[in-house]
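What follows is a short report on a single structure.
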Amino acid sequence: MVDLKGLKFSKMHGIGNDFPIIDESSGEVIPEADKAEACRILCHRHFGVGGDGVLFVVPSEVADIGYRMFNPDGSEAEMCGNGIRCFGDFVYRNKIVEKETMTVETKSGIKTIEITLEDGEPILFKVNMGKSTFKSEEIPMIADSEEFVDGEIEVIDTSFKASCVNVGNPHVILFVDDVDAIDIDKYGPAIECHEIFPEKINVHFVEVISKNEGKMRTWERGAGVTLACGTGATSTALAGVKLAHFDKEILLHLPGGDLEFEVYEEEGKLGAYMKGPATLVFNAEIQ
Ligand SMILES: N[C@H](CCC[C@H](N)C(=O)O)C(=O)O
């Protein structure tokens, strides 16, 4: 059993997607071999702190700072969008990176965060989430087509039209008529662990409100239902533009709050800027 006594952390959330965040920028706090178990304990809503994952600040030789994210099941994810806004707030407030525009090394490449200050306080974070891929082999997924856009996924007793995109981590976007009518506890895990997704996948049900607005609900890989998913919302914006459901500026409503997106095209690939808040809930030390 991992001993977390003395562990200092901040509890943060990005529109309700919540995380303990731990500063390892000056050296390891939780041994690598214990990280998965420690994250399972920390994320537990009754026996731990509670969270949709754990964020770590780590050194970087190629960016201003490094970022790692672990899901509540102990799996490490390549990227976390709500988390990187909380991360930016944390490293700025704690003077780990004293820059309003910073570069962050993640497992899915270097991302850039632009912080908007009001009276010296960070209030809004604009993140370049980078370029995406729709190639089936790069999701990864098992499919007959080079891309899986507006394809068909059969699951349990029904089938859904679906589009798959990787923004560092994998996502499947299912555009539906009424997002509130979806039994996400039934279909979410069945799609997350579907045999066509060898590394599992994050699942998002999306309702198009207009060319510039949508509403979505999420079942996250390694976490289950969350109030928001930043990489998932980014993927929704990109898939929506690809399918011409959305124009390039999109407001997405998630159960925990709203995120704004500006989609761009670079070297033939779609990418996006994500804009949203981050909130510090409390700082603590485990006794
Ligand atoms: N569960 C995700 C990681 C967290 C993503 C989400 N919390 C976000 O804000 O992007 C995965 O395994 O890829």
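Atoms within each ligand, like the ligands themselves, are counted from 1 in listed order.
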Exercise answer, ligand 1 polar atom pairs (N/O) under 3.5 angstrom:
unit_1   : atom_1 : unit_2 : atom_2 : d
ligand 1 : 1 (N)  : N71    : OD1    : 2.9
ligand 1 : 1 (N)  : N202   : OD1    : 3.2
ligand 1 : 1 (N)  : E220   : OE1    : 2.8
ligand 1 : 1 (N)  : R221   : O      : 2.9
ligand 1 : 7 (N)  : N17    : OD1    : 2.9
ligand 1 : 7 (N)  : E220   : OE1    : 3.1
ligand 1 : 7 (N)  : E220   : OE2    : 3.1
ligand 1 : 9 (O)  : N17    : OD1    : 3.2
ligand 1 : 9 (O)  : G81    : N      : 3.3
ligand 1 : 9 (O)  : N82    : N      : 2.9
ligand 1 : 9 (O)  : N82    : ND2    : 3.4
ligand 1 : 9 (O)  : G230   : N      : 2.8
ligand 1 : 10 (O) : G81    : N      : 2.8
ligand 1 : 10 (O) : G230   : N      : 3.4
ligand 1 : 10 (O) : T231   : N      : 2.8
ligand 1 : 10 (O) : T231   : OG1    : 2.6
ligand 1 : 12 (O) : N71    : ND2    : 2.8
ligand 1 : 12 (O) : R221   : O      : 3.4
ligand 1 : 12 (O) : R221   : NE     : 2.9
ligand 1 : 12 (O) : R221   : NH2    : 3.4
ligand 1 : 13 (O) : N169   : ND2    : 2.9
ligand 1 : 13 (O) : N202   : ND2    : 2.9
ligand 1 : 13 (O) : R221   : NE     : 3.4
ligand 1 : 13 (O) : R221   : NH2    : 3.0

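E24 is linked by a side-chain contact (heavy atoms from CB on, under 4.5 Å) to I22, E28, V29, I30, K35, F56, V58, counting only residues two or more places apart in sequence or in another chain.
Applying the salt bridge (Lys or Arg N to Asp or Glu O under 4.0 Å) definition to pairs two or more places apart or across chains, those involving residues 221-231 are E78-R221.
Between F197 and H194, the ring planes are perpendicular. Angles over 60° get that label, and only those under 30° would be called parallel.
Remark: the N283 side chain and the S10 side chain contain an N/O donor-acceptor pair separated by less than 3.5 Å.
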Output side-chain donor-acceptor pairs under 3.5 Å for residues 264-276, partner residues at least two apart or in another chain, one line each.
unit_1 : atom_1 : unit_2 : atom_2 : d
Y264   : OH     : N128   : OD1    : 2.6
E266   : OE2    : K131   : NZ     : 3.1

D18 vs K11, salt bridge (Lys or Arg N to Asp or Glu O under 4.0 Å): CA-CA, chis, key distance, verdict: CA-CA 7 Å; D18 63 330; K11 181 70 188 315; 2.8 Å; yes
